[in-house]
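Per chain, numbering begins at 1; letters A, B, ... match sequence-line order. Reckoned from all heavy atoms, side chains included, excluding hydrogens, waters and symmetry mates.
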Amino acid sequence: MKITGPKGTHDILYKNIYKWQFIESQLKNLVELYDYQEMRTPIFENTDLFLRGVGDTTDIVDKEMYTFKDKGDRSITLRPEGTAGVVRSFIEHSCYNEVLPGKFYYYGPMFRYSRPQAGRYRQFHQFGVEALGSADPFLDGEVLELMMNMFKALGLKQLKLEINSVGCPVCRPIHKEKLKDYLKSHYDQLCPTCQSRYEKNPLRIFDCKSLTCQEIIQKGPYVTDNLCDDCENHFIKVKEYLDMVELEYEVNKKMVRGLDYYTKTAFEVSAGREGSQSSIGGGGRYDGLVEELGGPELSGIGFAIGLERIVMTMDEQMLFEGKFESVNKVFIASVSSNEIPETVRLVSLLRKNDIHALRDTMNRKLKAQFKYANKIGADYVITIGDEEVSSKIYTLKNMKTSKEESYVESDLINILKGENNEFKK
RNA sequence: GUGGGUGUAGUUCAGUGGUAGAGCGCUAGUUUGUGGCACUAGAAGUCGUGGGUUCAAAUCCCAUCAUCCACCCCA
């Protein structure tokens, strides 16, 4: 039986890695420009962290966590998202006694136990940003601006930013009651899932795809109808910032995010794809989370973007064309086995000079060595025969133009290292 | 968790009861020290796995696993 990777995992192969490296470096540069610093937290945490942090009415905690017992009988969970871990670390190391707001970013694998499909995996990667300690609505705006600039830096097209306000512990309970009052008379028409949501988390009914549920909920009260003054003003200010920086957005009054900790601002971004797995990033403000996890009363806001979906969308939008940066490769060929020592010497010498050089290790004939050099995309080939060994003059062949020129060793190195190398063209 | 499609060479797939195939890729060769093109040859598959029907199964039946797609949900 062939051994395969576990369900829902995928390998990023050598030929695609440049895509990931390109994305990583673009995003890293950009968030650092906004003065965010990297945090690396463990890939697994104590299960309680997510129960408290993410919330036990969410689907993530309900059915998607990778939870198991370790040998010390502790309940461990592979992180399903990044915020909880960063906040835990922030509190544990008392970072709130340092500079506020704490501005962090993270990058790495996340785990959710759900059936895989296009753009959805059990191990997937997120790049996320968190800002802790500021309740300023303009920070929300700046965070949104950053997120959109990240997508733009990658060249993504057809971007759609949707925002909403989901209220706070002051106004949300009031809204919840009003919503439940309204839904009470329609309870029997709701789908089974929404009937169970009715008690636990009626806001989520907005997410339901069932037509009847949609019809019912359309006419019901929206969160934004019942915002308290604080939330209302906050939302207005966020939109004000977005207008100031000329960022396009849409208010989606029906948007409710899947995590319990969100307060006030919530948002989601899609690019192109309609329907399934269109969301490439999302986030929101979470003003109660730090306290909930045992820290001081500090507000927070953050978002995460899904790398697999970014790669998928960039492939669809053909944004990787020409992004593969190839270095100049030099292949040292030998006419016969007599010249092998000389190729070893030369390759080693070139590498000492930071030149990407390699030689045959398959005992191939000269012709086959050229085929190989061609296949791996070598830019130059130097052929070593008895003539070269005795004369110490080497012929450099440009594989694109087929032109050949001869040099002594020191000139050869200068040519291959040199910036104004006319022979390159 | 629910529903549907698909599992044959590295890969894309053909093969519907009777000797396991093709394109691409890979390796080598087409004599003299030179690649891309062409030609030739070669390696490579317990036909996903287990059971059943049959003289005979890649092919029919059952189960199972994997994978893909959709729903749920999300990134």
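- On a pure distance criterion of 3.5 Å, a polar donor-acceptor pair joins the side chain of A:Glu388 and the base of B:rG33.
- You'll find a donor-acceptor pair under 3.5 Å spanning the side chain of A:Ser402 and the base of B:rG36, going by distance alone.
- Across every strand in view, B:rA75 sits unpaired, with no contact that passes the Watson-Crick or G-U test at under 3.5 angstrom.
- B:rA57 and B:rU53 are spaced 10 Å apart, taking the C1' atom of each and rounding to whole Å.
- Contact annotation: A:Lys63 does not reach the phosphate of B:rC72 (side-chain N/O to OP1 or OP2, under 4.0 Å).
- With a cut-off of 3.5 Å on both Watson-Crick or G-U wobble distances, the partner of B:rA63 is given as B:rU49.
- For A:Gln369 and B:rU34, a side-chain-to-base donor-acceptor distance below 3.5 Å is absent, hydrogens and geometry of angles not being considered.
- Nucleotide B:rC39 forms a Watson-Crick or G-U wobble pair with B:rG29, both donor-acceptor distances falling under 3.5 Å.
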With 3.5 Å as the limit, what N/O pairs link the protein to nucleotides 3-5 of chain B?
{"unit_1": "B:rG3", "atom_1": "O6", "unit_2": "A:Arg115", "atom_2": "NH2", "d": "2.9"}

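- Under 4.0 angstrom from either OP1 or OP2 of B:rA70 there lies at least one side-chain N or O belonging to A:Gln117.
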**Complete:** Letter by letter from the 5' end, nucleotides 23-29 of chain B scores (B base, S sugar-phosphate only, - none; protein heavy atoms under 4.0 Å) ---SSSB
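- Residues satisfying the salt bridge (Lys or Arg N to Asp or Glu O under 4.0 Å) criterion with A:Arg285, sequence neighbours excluded, are A:Asp140, A:Asp287.
- Side-chain N/O atoms of A:Lys367 and base N/O atoms of B:rU34 include no donor-acceptor pair closer than 3.5 Å.
- Across all strands shown, B:rA70 forms a Watson-Crick or G-U wobble pair, both distances under 3.5 Å, with B:rU2.
- A gap of 5 Å separates the C1' atoms of B:rG45 and B:rA9, to the nearest Å.
- Smallest separation of non-hydrogen atoms from A:Ser406 and A:Ile393: CB-CG2, 3.7 Å.
- A salt bridge does not link A:Lys28 with A:Glu24: every distance from a Lys NZ or Arg NE/NH1/NH2 to an Asp or Glu carboxylate oxygen is 4.0 Å or more.
- Taking only distance into account, the side chain of A:Arg120 never meets the base of B:rC68 through a donor-acceptor pair shorter than 3.5 Å.
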